[in-house]
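Please read all numbers here as calculations on a predicted model, not as lab measurements.
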Amino acid sequence: MKNTRWYFLMSCLFLILFSCSEKSGKASYDVVPKIQNISYNEGVGFELNSKTPIIFSKKNDNIQQVASFLADYIADCTGLNLTLTYSENIQNGVFLNIDKQSDNFEAYDIAVDKEKITISGASEAGLFYGIQALRKFLPIDSKLTSVKFPAVTISDFPRFPYRGMHLDLSRHMFSTDSIKIYIDMLAMHNINRFHWHLTDDQGWRVEIKKYPELIEIGSKREQTVIGKNSGEYDGQPYGGYYTQEEIKDIVQYAQDRFITIIPEVDLPGHMLAALTTYPNLGCTGGPYKVAQSWGVFDDVLCAGNEEIYPFLEGVFDEIIELFPSEYIHIGGDECPKVRWKACPKCQAKIKELNLKTDKEHTAEERLQSYVIQRMERYINSKGRKIIGWDEILEGGIAPNATILSWRGTEGGITAARQGHDAIMVPTSYLYFDYYQTEDLKGEKLGIGGYVPVEKVYHYDPVPEVLTTEEQKHIIGTQANLWAEYIKDFSHAQYMTLPRMAALSEVQWTLPEQKDYQDFLLRLANYTKLYDLYEYNYATHVFNIKDKYEVDEAN
């Protein structure tokens with residue numbers, strides 16, 4: 001009798017201990033960006049635990065890498081360590097396939113039933129976005145023993161093929177590890193283009209082996225202005241650059257996450273770092289200094305000097321080798337024509353080319369167009385295309401150029417009407433160096449302006465004034481982060497997050513699916529991922545706002 005009682009008590013104790021050690025979480029499909037199509041099904045869903053395998057075809061190394069990402073994401077969020085397998089005989093698990101039929105190569109499907117979760121991509125990229133979605137479904141709890149997924153059928157795809165985010169690393173630069181974290185942030189938000197601004201008046205940040213002086217001289221400024229061009233300086237030399245080996249490593253890191261890096265070498269303006277290195281490339285011959293303050297400077301490349309063209313070609317030869325992107329960004333913005341008007345070489349070039357001033361453009365604007373078109377021909381000869389800021393429309397657009405419309409939407413509209421592709425980047429909606437709150441108490445110094453999360457969210461990149469055919473030339477949108485006042489990576493994260501979440505929904509989700517109040521609820525849950533990875537993000541969007549109305553009659 002004693003033995004029976006003892007076994008009964010021990011069994012009860014075992015059950016109590018076992019039940020206490022079991023901790024199950026539930027997946028949520030309310031993610032950012034919002035899924036295009038989701039249907040909840042009847043029946044029991046899938047329970048994921050440490051014994052669940054991730055199954056994929058061993059014939060494809062890219063699928064194996066995507067599977068490894070998924071295993072890492074699941075471990076990060078839940079503490080569960082899943083195994084990867086090639087086996088085709090397993091019936092239960094998470095299955096990764098590339099068998100979705102779709103014209104959109106980034107599309108994916110997810111099906112959840114009692115036996116399995118199946119993610120089907122239209123390509124490796126589509127599969128990658130499928131695992132990004134699965135990652136966001138997970139609860140964040142490192143002590144879970146299982147996660148229950150309700151039975152669903154999901155079909156998802158991006159609205160735009162070009163979904164970009166920009167980062168200026170010329171004014172202030174960050175470590176290669178920080179850039180990789182930035183790339184991880186983009187991947188988490190389904191962003192597939194990283195626009196990397198590498199050169200400007202305040203510093204040349206990319207190693208060009210043909211011109212080593214660019215990093216020996218052009219990458220360094222003697223000091224930096226304090227505040228907003230106050231006239232006072234910190235007296236501290238500032239400099240740095242990325243080696244070609246570092247760039248190759250970062251490019252591969254991005255490619256593994258299906259992100260294309262688009263490099264920018266700004267010309268013919270914003271070139272003081274290069275002019276300081278090679279004064280013969282300017283209209284006056286110098287002397288020049290790498291800029292110590294912010295703004296637009298009159299000294300630019302001398303368009304009438306034939307020496308600038310082999311220099312630029314030598315630079316782009318190496319840029320093209322480093323970056324396999326279809327697009328190479330050549331800037332073209334904020335180029336004053338003061339020096340060109342007074343420069344004998346530039347005026348001689350204008351005369352040689354028979355460039356005339358008319359009611360639309362000055363002769364000097366047409367000279368800039370000549371520079372852009374000449375560089376476009378060279379870059380096209382290397383099998384690449386150019387992107388430029390909307391100023392390259394002035395004086396006549398280069399034949400095959402894509403426009404980044406930043407001074408509003410007019411540049412994109414003009415480009416689309418002329419049959420050119422355009423990417424919308426208006427300052428009033430998508431400049432993330434602008435403040436995201438009107439209450440600046442406690443905020444770090446910024447350039448100014450006000451672009452809250454709500455304004456980003458409500459932006460529609462496709463102008464209604466365009467015809468249906470013209471609208472097809474709006475291939476996407478991106479946000480820009482200029483770094484004059486952003487001295488460290490933590491501040492960069494703060495300026496982009498959570499606005500990047502709103503941007504991702506603009507880029508990915510169809511307008512009819514969007515709802516700002518619903519987005520806020522999903523965003524509140526989404527920030528748990530920011531916390532998990534220790535991303536620094538602004539919280540203004542969650543603050544309570546007061547509004548007073550006086551009812552005088554009552």
Side-chain angles (χ1 to χ4, degrees), residues 166-171 173-176 179-180 183 193-220 239-255 259-282 290 300-303 305-333 371-389 392 398 400-402:
H166 159 283
L167 184 60
D168 166 25
L169 290 172
S170 177
R171 279 55 177 256
M173 61 180 293
F174 311 131
S175 70
T176 56
I179 297 172
K180 288 179 178 179
I183 290 168
R193 299 290 191 279
F194 170 29
H195 176 178
W196 191 355
H197 187 77
L198 285 163
T199 72
D200 218 296
D201 296 304
Q202 294 80 12
W204 187 282
R205 304 286 174 232
V206 53
E207 179 187 24
I208 302 297
K209 294 186 182 297
K210 185 174 183 178
Y211 305 113
E213 296 85 0
L214 283 170
I215 56 176
E216 294 169 6
I217 299 171
S219 71
K220 304 167 186 176
Y241 63 93
Y242 301 101
T243 68
Q244 293 200 0
E245 290 306 309
E246 287 173 328
I247 288 173
K248 290 175 184 176
D249 179 53
I250 291 169
V251 167
Q252 184 61 56
Y253 190 87
Q255 285 181 321
I259 293 171
T260 300
I261 299 181
I262 298 173
E264 180 181 359
V265 174
D266 206 347
L267 66 97
H270 289 288
M271 269 282 179
L272 268 177
L275 292 178
T276 304
T277 309
Y278 303 111
N280 61 299
L281 300 180
V290 178
V300 300
L301 292 178
C302 178
N305 181 356
E306 280 299 312
E307 293 181 6
I308 74 168
Y309 300 105
F311 166 75
L312 291 173
E313 290 169 3
V315 168
F316 282 115
D317 283 345
E318 297 191 30
I319 291 291
I320 287 168
E321 282 296 313
L322 289 170
F323 296 93
S325 166
E326 174 188 12
Y327 291 116
I328 302 295
H329 201 302
I330 63 170
D333 64 316
V371 175
I372 297 297
Q373 291 188 34
R374 184 163 170 176
M375 292 317 304
E376 182 190 38
R377 288 194 297 273
Y378 186 77
I379 290 171
N380 288 167
S381 74
K382 301 292 184 178
R384 308 298 181 86
K385 299 177 182 178
I386 68 164
I387 291 183
W389 302 109
I392 70 172
N400 302 305
T402 295

Q.
Run Val206 and Glu318 through side-chain contact (heavy atoms from CB on, under 4.5 Å) and show every step you take.
A. CA-CA 10 Å; Val206 53; Glu318 297 191 30; over 6 Å; no

Q | Heavy-atom side-chain proximity of Glu376 to Ile330 below 4.5 angstrom | A | no

Q) How far does CD1 of Ile392 sit from CD of Gln373, to the nearest 0.5 angstrom? A) 9.0 Å

(Q) Please check: side-chain N/O of Thr199 versus main-chain N/O of Asp266, any donor-acceptor pairing under 3.5 Å? (A) yes

Q: Measure the OG-CE distance between Ser219 and Met173 for me, rounded to the nearest 0.5 Å.
A: 8.5 Å

Q. Hey, what do you get for CG (Leu267) to CG (Leu312), rounding to the nearest 0.5 Å?
A. 5.5 Å

Q.
Quick test of your reading of the model: are Arg205 and Glu246 salt-bridged, counting only N-O distances below 4.0 Å?
A. no

Q: Would you please classify the geometry between the His195 ring and the His166 ring as parallel, tilted or perpendicular, with 30° and 60° separating the classes?
A: perpendicular

Q: Under the side-chain hydrogen bond (donor to acceptor under 3.5 Å, both in side chains) rule, collect the residues that match up with Asp168, sequence neighbours excluded.
A: Arg171

Q) Looking at OH of Tyr241 and CG of Leu169, how far apart are the two atoms once the value is rounded to the nearest 0.5 Å? A) 16.0 Å

Q) Would you say Phe194 and Ile179 make side-chain contact, with heavy atoms under 4.5 Å? A) yes

(Q) Holding to side-chain hydrogen bond (donor to acceptor under 3.5 Å, both in side chains), I want the full list of residues that pass it with Tyr378, two or more places apart in sequence or in another chain. (A) Asp317

Q. Does Glu307 offer a backbone N or O that forms a donor-acceptor pair with the side chain of Asn305 under 3.5 Å?
A. yes

Q) When rounded to the nearest 0.5 angstrom, what is the spacing between CD in Glu207 and CD1 in Ile247? A) 8.0 Å

Q.
So which atom in Pro268 and which in Gly332 form the shortest heavy-atom distance, rounded to 0.1 Å?
A. CD-CA, 4.5 Å

Q: Apply side-chain hydrogen bond (donor to acceptor under 3.5 Å, both in side chains) to Arg377 and list each qualifying residue two or more places apart in sequence or on a separate chain.
A: none

Q: State yes or no: are the ring centers of Trp196 and His329 separated by less than 6.0 Å?
A: no

Q. Can you name the closest pair of heavy atoms from Gly203 and Val290 and give their distance?
A. N-CG1, 3.9 Å

**Q.** Any side-chain heavy-atom pair of Met271 and Trp204 under 4.5 Å
**A.** yes

Q) Do Met375 and Phe316 have side-chain heavy atoms sitting under 4.5 Å apart? A) yes

Indicate every side-chain donor-acceptor pair of residues 320-327 with a distance under 3.5 Å to a residue at least two apart or in another chain.
from: Ser325; atom 1: OG; to: Tyr327; atom 2: N; distance (Å): 2.9
from: Ser325; atom 1: OG; to: Tyr327; atom 2: O; distance (Å): 2.6
from: Glu326; atom 1: OE2; to: Lys385; atom 2: NZ; distance (Å): 3.0

(Q) Quick check: do Ile386 and Asn400 have side-chain heavy atoms less than 4.5 Å from each other? (A) no

Q. Atom CD1 of Ile308 and atom CG of Asn280: how far apart are they, to the nearest 0.5 Å?
A. 11.0 Å

Q: Mind checking side-chain hydrogen bond (donor to acceptor under 3.5 Å, both in side chains) for Thr176 and listing every partner two or more places apart, or none if nothing turns up?
A: none

Q.
Checking Ile208 against Ile319 for the side-chain contact (heavy atoms from CB on, under 4.5 Å) test, could you report, in this order, the C-alpha distance in whole Å, the side-chain angles of both residues, the deciding distance, and whether it holds?
A. CA-CA 8 Å; Ile208 302 297; Ile319 291 291; 4.3 Å; yes

Which donor-acceptor pairs under 3.5 Å do side chains of residues 210-217 form with protein atoms, sequence neighbours excluded?
from: Tyr211; atom 1: OH; to: Pro310; atom 2: O; distance (Å): 3.4
from: Glu213; atom 1: OE1; to: Tyr278; atom 2: OH; distance (Å): 2.5

